[in-house]
Visitor: 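First the structure, which I've put down as structure tokens, then a few questions once you've had a look.
The basis for the numbers below is simple: all heavy atoms, side chains too, and nothing from hydrogens, waters or symmetry mates.
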Amino acid sequence: KNTSLNLGTSNDLGSLRDLLPVIVSARETMDLVSEPKVQPLVLTAYGLDHPIMRVGDSTGQTQRLWESMPGTYWSHALLKLKPSSRVLLENGNAGKRMEKNVAEPLVVTQPLGRGRVLYLNFDETWRWRFMEDARQYRAFWSNAMRYLAPSGARQVIISTGGDRFDAGSRIDVEVEAYDDDYLPLKAAIFPLAMIDKQTGSRQEIVLQAVAPG
């Protein structure tokens, strides 16, 4: 048996659609089966070092905890991501894909003016309450509230995808930078200083701007 969820195309929803970091399908068809299959949660490299997803004391523990978290049985079909969006969690079900065979996003963030937007593409975080006395469930939502309602908006956010690296290994550094009006900074390069806390030695690197999209 099939049932359909109509998201609507009314102009009344226009403002809400503009806030979302994704473009959702206008119509979603759900198959009702007697034994639905769980869809695994996959933490992205960007999500691993993101303040919302830090449910452990280290990136290693955070990775292990997310791998053990209960998955979801439903997620809404998405058409595409908006240019300024960042995916923190993906759908591990190979049958759930977006355009160009891209994994379906489940948790997505986006800066918007002086604020931030968090989009969850599923409605089953309540399942996490049964893990370790709801410790990860509380950590996730506490992190989310602090991220969405900070005491002061940050103009620079640096992500490395981890907090510990092997000597000689590659480290991918990503910077989100905004001007005084909290609009994406329009600059071709972004200088960044790396400082050794033990020796105080300093190394400067220059990051190249990446076109949105």
Visitor: Nearest 0.5 angstrom please: Thr62 OG1 to Arg54 CZ, how far?
Guide: 8.5 Å
Visitor: Check whether the ring centres of Trp128 and Trp141 lie less than 6.0 Å apart, and answer yes or no.
Guide: no
Visitor: Taking it one step at a time, do Val173 and Leu192 satisfy side-chain contact (heavy atoms from CB on, under 4.5 Å)?
Guide: CA-CA 10 Å; Val173 179; Leu192 189 68; 3.7 Å; yes
Visitor: So, Gln63 side chain and Thr59 main chain: donor-acceptor pair closer than 3.5 Å or not?
Guide: no
Visitor: Locate the shortest heavy-atom distance separating Pro21 from Val117; write the atom from each residue and the value.
Guide: CD-CG1, 3.8 Å
Visitor: Which distance, rounded to the nearest 0.5 Å, do you find between the CG of Leu88 and the CG of Leu43?
Guide: 8.0 Å
Visitor: As an exercise, state the distance from CD of Gln61 to CH2 of Trp66, rounded to the nearest 0.5 Å.
Guide: 13.0 Å
Visitor: Any carboxylate oxygen within less than 4.0 angstrom of a Lys/Arg side-chain nitrogen, looking at Asp196 and Arg202?
Guide: no
Visitor: Supply the atom-to-atom distance Thr109 OG1 to Tyr119 OH, rounded to the nearest 0.5 angstrom.
Guide: 13.5 Å
Visitor: Taking the side chain as C-beta and beyond, is there a heavy-atom pair between Glu90 and Pro105 under 4.5 Å?
Guide: no
Visitor: Treating Ile, Leu, Val, Met, Phe, Trp and Tyr as nodes and any side-chain heavy-atom pair under 4.5 angstrom as an edge, say whether Met194 and Phe190 lie in one connected cluster.
Guide: yes
Visitor: Is Ser85 close to Val22 at the side-chain level, that is, under 4.5 Å between some pair of heavy atoms?
Guide: no
Visitor: Side chains of Asn121 and Leu78, heavy atoms from C-beta outward: is any pair under 4.5 Å?
Guide: yes
Visitor: Looking at Arg129 and Thr125, would you say the former's side chain and the latter's main chain have a donor-acceptor pair under 3.5 Å?
Guide: no
Visitor: When you measure from the side chain of Asn143 to the backbone N and O of Pro51, does any donor-acceptor pair fall under 3.5 Å?
Guide: yes
Visitor: Is Gln39 close to Lys96 at the side-chain level, that is, under 4.5 Å between some pair of heavy atoms?
Guide: yes
Visitor: Compute the centroid of each ring, for Trp74 and then for Phe122, and state whether the two points are separated by less than 6.0 Å.
Guide: no
Visitor: Taking the side chain as every heavy atom from C-beta outward, state whether Met98 and Leu81 have any atom pair closer than 4.5 Å.
Guide: yes
Visitor: Examine Val38 and Leu89 and state if one hydrophobic cluster contains both, with Ile, Leu, Val, Met, Phe, Trp and Tyr joined whenever side-chain heavy atoms are less than 4.5 Å apart.
Guide: no
Visitor: Quick check on the hydrophobic clustering: are Met131 and Val55 connected, directly or via other members, by side-chain heavy-atom contacts under 4.5 Å?
Guide: no
Visitor: Which atom names give the shortest non-hydrogen contact between Ser84 and Pro111, and what distance separates them?
Guide: O-CD, 3.5 Å
Visitor: Can a donor-acceptor pair be found, under 3.5 Å and without considering hydrogens, that links the side chain of Arg138 to the backbone of Asp133?
Guide: yes
Visitor: What I'd like to find out is whether the side chain of Ile189 reaches to under 4.5 Å of the side chain of Leu207, using heavy atoms alone.
Guide: no
Visitor: Verify the cluster assignment for Leu79 and Val24: are they in a single hydrophobic cluster under the rule of side-chain heavy atoms below 4.5 Å apart?
Guide: no
Visitor: Can you tell if the side chain of His76 reaches within under 4.5 Å of the side chain of Ser25, non-hydrogen atoms only?
Guide: yes
Visitor: Please name all residues satisfying side chain to side chain donor-acceptor pair (under 3.5 Å) with Gln136, sequence neighbours left out, ordered by chain then number.
Guide: none
Visitor: For Lys82, does the NZ atom have more than 12 heavy-atom neighbours from other residues, nucleotides or ligands under 6.0 Å away?
Guide: yes
Visitor: Quick check: closest heavy atoms across Leu106 and Ser75, and the distance to 0.1 Å?
Guide: CD2-CB, 3.8 Å
Visitor: Taking Lys37 for the side chain and Tyr73 for the main chain, is one N or O donor matched with an acceptor at less than 3.5 Å?
Guide: no
Visitor: Leu48, Leu120: one ILVMFWY side-chain cluster at the under-4.5 Å cut-off?
Guide: yes
Visitor: Kindly write out the residues that satisfy side chain to side chain donor-acceptor pair (under 3.5 Å) with Thr72, not counting sequence neighbours, or none if the list is empty.
Guide: Glu124
Visitor: Measuring from atom CZ of Arg97 to atom CG of Asn91, what distance do you get when rounded to the nearest 0.5 angstrom?
Guide: 7.5 Å
Visitor: Return the CE to CG distance between Met53 and Leu65, rounded to the nearest 0.5 Å.
Guide: 11.5 Å
Visitor: With distance as the sole test, does Arg86 use its side chain to make a donor-acceptor pair with the main-chain N or O of Val108 at under 3.5 Å?
Guide: no
